[in-house]
Novice: 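Next up is a structure, given as structure tokens.
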Amino acid sequence: MSVDATAFKEAMRRFPTGVAVVTSLRDGEPRGVTVSAFASVSLEPPTVLICINREARSYLFISTSKIFCVNVLSATQQHLAERFSGKRRERQFEGVEYTVDRTGAAVLRDSLMHVDCEVAEEHHVGSHSIFIGKVVSLGVEPGSPLGYFGGAYHDFGLGSDAS
Ligand SMILES: Cc1cc2nc3c(=O)[nH]c(=O)nc-3n(C[C@H](O)[C@H](O)[C@H](O)COP(=O)(O)O)c2cc1C
């Protein structure tokens, strides 16, 4: 018995998540993609996972450069979630303020936190790849997170002191 894709999406929309932009860098060109499929995997060593559609442009950036940086967005950064989930081909970072950390992938200004990662493993699962990332650097900032629920962005109204 198989489950219909539309029903699956409808069900998954009922799981409230944060929103992150995963950045990568290939041949000096930055790329980013909006994701909700991000989780902590291990503490020793610090390890995270992301799930990326292999049809997304970002997929080739991450799989070939073997680096990525997860930027968790604050409620004031919905415009970045929209930009990096759009189908913009070029100048994706035009007007976006960012710095870099260890890997060289973009660290978006005012993100609630970033984890800069080297790809340790990639697993193909259906349409997506699970990338396991070894965290090589990180940073945190104060603020309230951007949320996603029911197919829409929300300010969950949660504060954070970044401590
Ligand atoms: C809130 C939200 C969460 C998303 N989460 C993911 C995700 O976890 N993995 C993924 O591959 N795509 C995810 N997407 C879809 C990508 O952001 C979208 O397909 C994007 O256009 C891919 O861009 P690209 O083909 O230019 O790389 C999400 C989109 C939104 C709006």
Side-chain angles (χ1 to χ4, degrees), residues 3 5-42 47-96 98 103-108 110-135 138 143-158 160:
V3 166
T6 308
F8 179 60
K9 278 198 224 170
E10 178 58 31
M12 292 310 294
R13 278 194 200 109
R14 291 171 193 262
F15 182 53
T17 66
V19 183
V21 172
V22 172
T23 57
S24 192
L25 182 75
R26 189 180 62 164
D27 300 331
E29 187 192 347
R31 188 81 208 168
V33 59
T34 299
V35 308
S36 53
F38 161 61
S40 171
V41 173
S42 155
T47 306
V48 298
L49 71 75
I50 54 170
C51 301
I52 301 291
N53 190 326
R54 285 197 302 285
E55 299 215 328
R57 287 189 186 86
S58 278
Y59 169 73
L60 277 181
F61 280 68
I62 299 167
S63 63
T64 57
S65 67
K66 303 218 180 300
I67 55 122
F68 65 87
C69 183
V70 182
N71 295 266
V72 172
L73 299 185
S74 74
T76 60
Q77 293 177 306
Q78 184 177 327
H79 60 289
L80 293 178
E82 289 165 351
R83 170 180 292 234
F84 289 101
S85 60
K87 287 287 173 192
R88 186 188 274 246
R89 280 193 194 173
E90 287 170 8
R91 297 195 297 278
Q92 210 191 15
F93 284 77
E94 194 169 70
V96 175
Y98 68 92
T103 68
V107 175
L108 303 180
D110 296 332
S111 299
L112 279 191
M113 72 86 155
H114 74 271
V115 282
D116 205 18
C117 301
E118 291 172 355
V119 172
E121 294 172 40
E122 177 185 347
H123 301 278
H124 287 210
V125 181
S127 53
H128 285 52
S129 272
I130 302 172
F131 286 102
I132 306 288
K134 177 185 163 205
V135 179
L138 56 75
S144 176
L146 180 63
Y148 198 70
F149 177 72
Y153 295 104
H154 299 272
D155 179 346
F156 288 155
L158 306 169
S160 135

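Both counts, for ligands and for their atoms, begin at 1 and track the order of listing. For reference, positions follow the sequence shown, starting with 1. Treat the numbers as computed from the prediction; the structure is a model and nothing was measured.
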Novice: What atoms in ligand 1 come closer than 4.0 Å to a heavy atom of I52?
Specialist: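 Atoms satisfying the 4.0 Å criterion: 11 (O).
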Novice: Counting only nitrogen or oxygen atoms and a 3.5 angstrom limit, does Y148 reach ligand 1?
Specialist: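 No: no nitrogen or oxygen of Y148 is under 3.5 Å from one in ligand 1.
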Novice: Backbone or side chain, does any N or O of S85 fall under 3.5 Å from an N or O of ligand 1?
Specialist: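 Between S85 and ligand 1 (N or O atoms, distance only) the closest approach is under 3.5 Å.
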Novice: Any nitrogen or oxygen of E55, side chain or backbone, less than 3.5 Å from one on ligand 1?
Specialist: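 Among all N and O atoms of E55, none is under 3.5 Å from an N or O of ligand 1.
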Novice: Suppose we measure from atom 15 (C) of ligand 1 to each protein heavy atom; which comes out shortest, and what is that distance?
Specialist: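 Checking every protein heavy atom, the shortest distance to atom 15 (C) of ligand 1 gives T34 O, 4.0 Å.
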Novice: Among all the protein's non-hydrogen atoms, which is closest to atom 25 (O) of ligand 1, and how far away is it?
Specialist: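 Minimum-distance protein heavy atom for atom 25 (O) of ligand 1 reads R57 N, 2.9 Å.
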Novice: Return the option from G18, C51, G147, A56 holding the heavy atom at the smallest distance from atom 10 (C) of ligand 1.
Specialist: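 Heavy atom nearest to atom 10 (C) of ligand 1 belongs to C51.
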Novice: Any N or O on R88 sitting closer than 3.5 Å to an N or O of ligand 1?
Specialist: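 Not met; the criterion fails.
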Novice: Within less than 4.0 angstrom of ligand 1, does G32 place any heavy atom?
Specialist: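 No, that is not the case, since the closest heavy atom of the residue is not under 4.0 Å from the ligand.
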Novice: Heavy atom of R89 under 4.0 Å from ligand 1?
Specialist: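 Distance cut 4.0 Å: R89 fails for ligand 1.
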Novice: Give the numbers and elements of all ligand 1 atoms closer than 4.0 Å to a heavy atom of V33.
Specialist: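 Answer for ligand 1: 16 (C), 17 (O), 22 (C).
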Novice: I want to know if ligand 1 touches Y153 in the polar sense, i.e. an N/O pair below 3.5 angstrom.
Specialist: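 Among all N and O atoms of Y153, none is under 3.5 Å from an N or O of ligand 1.
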Novice: Taking 4.0 angstrom as the limit, do R13 and E10 come out as a salt bridge?
Specialist: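 Salt bridge flag = yes for E10 with R13.
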